[in-house]
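From a predicted model like this one, the values you see are computed outputs, not experimental measurements. Atoms considered below: every heavy atom in the structure, side chains included; atoms not considered: hydrogens, waters and symmetry mates.
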Amino acid sequence: MSASLATALQRPRHLGPLLCWAVVFADVGSSVYYVPGLLYNQRGVGTLAAAFVSLVAVAGLLLAFKYAEIAWRYPGGGGVVSVASAAFGPTIGCLGGVLICTDYFLAASIGVLAGVAYLGSVVSRPGLTLPLACMALVVLGLLNLAGVRRSAIVSLVMGGLAFVTQLVVVIVTASRLTAAEWATLGSRFGAVTQASGPQLLAGFGAAWLAFSGLEALSQISGSLARPRRRVANVAMGLVFGSVVITAPLLTAFSTITLAGRATVVPRSDRFISELAGWFGGDPLQAAVALSAAALLIFSANTAILGCYHVLLALVRQGFLPPRLAARSRSLATPHFAIGVATLVPVLVLLLTRGVIDLLGQLYAFGLLGAFVLSSIGLDCVRWREGQRGPAFWVGVVTSAAIVVAWLTNLCTKPLATLFGGGLTVTVMLIAVGSRNGWRAGASGAAAGIEFGLRALGAWVGRLLRDVVAWYDRRVSVPDGAAGARPGDRGVDARRLSPRDRARAIAACTRALEESPLDATLVAELARLWLAERDASRAAAVLRTTLARQPGEAEIHYLLGLALLRGGDTEAALASLRAAVTLEPRHGRAQRCLAAQLIGHGRLDEAAAALEAALSQVPDHPTAHRSLGLIYACLGRRREAAAHLAAAVELRQRDAVS
């Protein structure tokens, strides 16, 4: 299950490979305690569970290093939200956030339920597993409400203890197996080649649960030490190596050897402690049970923490009501967001009656959905940057494997599809409705759904228009490419075909040789290079112009966009500030500057920038709306209400006039 965002990691500020391993393994390593039982009980898998886990490990290794790349590419954290937004836009980024929140809800439920079940290996309390699990979730919610935050050092201790006990169980069990039992293990691994096509697909799709938590590194990317790329790759190598050493063997020993040796059917919800007790005795069983329970309940706390941070990020982007980010006056924590992140898992536990196999069936939807968006999103980013080497095509194959796994789960696990799909559609309707504004006098949920449906209809309409426009471009030459003057703002560079963009670039370049001080031509050429995904050439053209004409706001704005695509965030922010200073009414520069500052958690700087713009242009509705949302996130309710009311009034006045 995914780790908390970088803002939750207070000490140390910069994490090296070992501490990154600790944070990620604290999530990934907890899966081995319940996944063998879930797979063993699934129809068509049974004793083939270890073979399917080993099969998925190949694709999981490739996905792991894609998440390492996401971590060093997006230092602001966010994982699937960041990469999906960069690849497909903010709405798909919001969808990624909703999917990962669905995953968080179920991860918190499974974590506490499995943790309490493992405690039952030491202290048996029949009939109290579900009440104790619900109580544990409530306690974790209260701790988060009080502002208790974990550190990477705690992750290192807990993850290290769990990994050591897992290794001990593997070594002790392996040393006591007979030759016949080793032969049985080998035959069950080989039996996967005789499985039917539907059985292979079902097992392949289900076994991805063993690698849930790989996205954790991308969530803590803001805390990576430098050089970020090396730290991310080394940490992910350590994580995957640790999981591959333990997960397939523990799954094989518990689902094949233990089930064959035990005279009494072992408890599948605590397979690993049962395995430790059978081969290592009571002391090893107690050590495994306690370390497993601590790690599982700790991973549930991580899920709550990560969930409400994603909710806050969606509020900052305008996808959820500002009320959700309101902070307690006494504790300064976002109590509404924490309440949602805590109470939904409690409801899930109560509705499923604490049946861990049912929770496992529901789990795959959000997990694999987030994997799909992250993997395909990174492929799109690489494509736009012109990467066509072996790494790109291996990434495409990885994405295809994950898509197959997700589609298989959608068909073979209808309950997961119904639960995850229904929750995702509902939240997305509310999110889109919130982003498009609330209708006065309607309740929040009803207004969100109504606006969401309207926005969905508008989006479908735009999609159809884009399809028609694409067809027209395929069968005819665009008007702008043949007859429009280079630099004409009527020509949208993004809608031109690659051939027409090349013609336009050549025409603009020739025209600039004759009129090197024409800022309109420079801006158009920069837009064309940006449409070609060549941010470095766009930046070079713009810098040359700014050296001679530093007072052009549009040139500063476009340079900011080019620098953002090139990864130079601080320089991009400086260019965007210059654009807003030179032209306070430059709405695109305002929105971009505010979005970048908000995305990096710099709310105070975003508020200051917008206040400066409003001091020059007090009747700008977009600036008022953005500032109102920021103040709502900061808990300054009166100022938020005043700015939002001003935005509504200015919009209405403009509509009337």
Side-chain angles (χ1 to χ4, degrees), residues 17-19 21-40 49-50 53-54 57 111 114-124 153-179 181-182 184-186 188-189 210-213 235 237-262 264 266-299:
L18 184 60
L19 288 177
W21 168 85
V23 173
V24 181
F25 184 78
D27 289 335
V28 184
S30 64
S31 303
V32 76
Y33 293 114
Y34 55 82
V35 169
L38 293 176
L39 295 178
Y40 182 75
V53 169
S54 301
V116 173
Y118 270 90
L119 283 177
S121 300
V122 181
V123 182
S124 180
I153 301 299
V154 177
S155 298
L156 179 62
V157 173
M158 299 186 72
L161 289 175
F163 181 57
V164 168
T165 57
Q166 291 174 19
L167 278 179
V168 171
V169 173
V170 168
I171 294 170
V172 169
T173 304
S175 66
R176 298 186 179 181
L177 293 185
T178 64
E181 287 172 328
W182 280 112
T184 301
L185 287 174
R188 295 315 297 162
F189 272 91
F211 301 96
S212 64
L238 292 173
V239 169
F240 204 83
S242 306
V243 174
V244 168
I245 289 172
T246 57
L249 288 174
L250 288 175
T251 304
F253 293 155
S254 58
T255 59
I256 301 172
T257 307
L258 177 63
R261 272 201 184 195
V264 179
R267 289 280 301 271
S268 61
D269 58 350
R270 55 193 194 204
F271 255 154
I272 309 305
S273 64
E274 297 276 336
L275 179 69
W278 184 268
F279 288 95
D282 292 340
L284 184 56
Q285 182 177 23
V288 170
L290 292 174
S291 62
L295 191 65
L296 285 163
I297 294 175
F298 185 71
S299 70

Measure across [X] and [Y] and return the closest heavy-atom pair with its distance rounded to 0.1 Å.
X: G115; Y: L296; value: N-CD1, 3.6 Å
X: A174; Y: W182; value: O-CZ2, 3.6 Å
X: A50; Y: P248; value: CB-O, 3.7 Å

Distance-only donor-acceptor pairs under 3.5 Å for side chains of residues 237-244, two or more places apart:
| residue | atom | partner | partner atom | Å |
| --- | --- | --- | --- | --- |
| S242 | OG | W21 | NE1 | 2.9 |
| S242 | OG | L238 | O | 2.7 |

Less than 3.5 Å apart, which donor and acceptor atoms pair up between the side chains of residues 280-287 and the rest of the protein, not counting sequence neighbours?
none

For the [atom1] atom of [X] and the [atom2] atom of [Y], what is their distance to the nearest 0.5 Å?
X: S54; Y: L249; atom1: OG; atom2: CG; result: 8.0 Å
X: F253; Y: I272; atom1: CZ; atom2: CD1; result: 10.5 Å
X: Q166; Y: I245; atom1: CD; atom2: CD1; result: 10.5 Å

The side chain to side chain contact (heavy atoms under 4.5 Å, CB included) partner of T257 among L185, T178, L275 is L185
Sequence neighbours excluded, the answer for side-chain hydrogen bond (donor to acceptor under 3.5 Å, both in side chains) partners of T165 is S291
Note, F271 side chain near T251 side chain (heavy atom, < 4.5 Å): no
Checklist entry - Between Y33 (side chain) and Y118 (backbone), is there a donor-acceptor pair under 3.5 Å? => result no
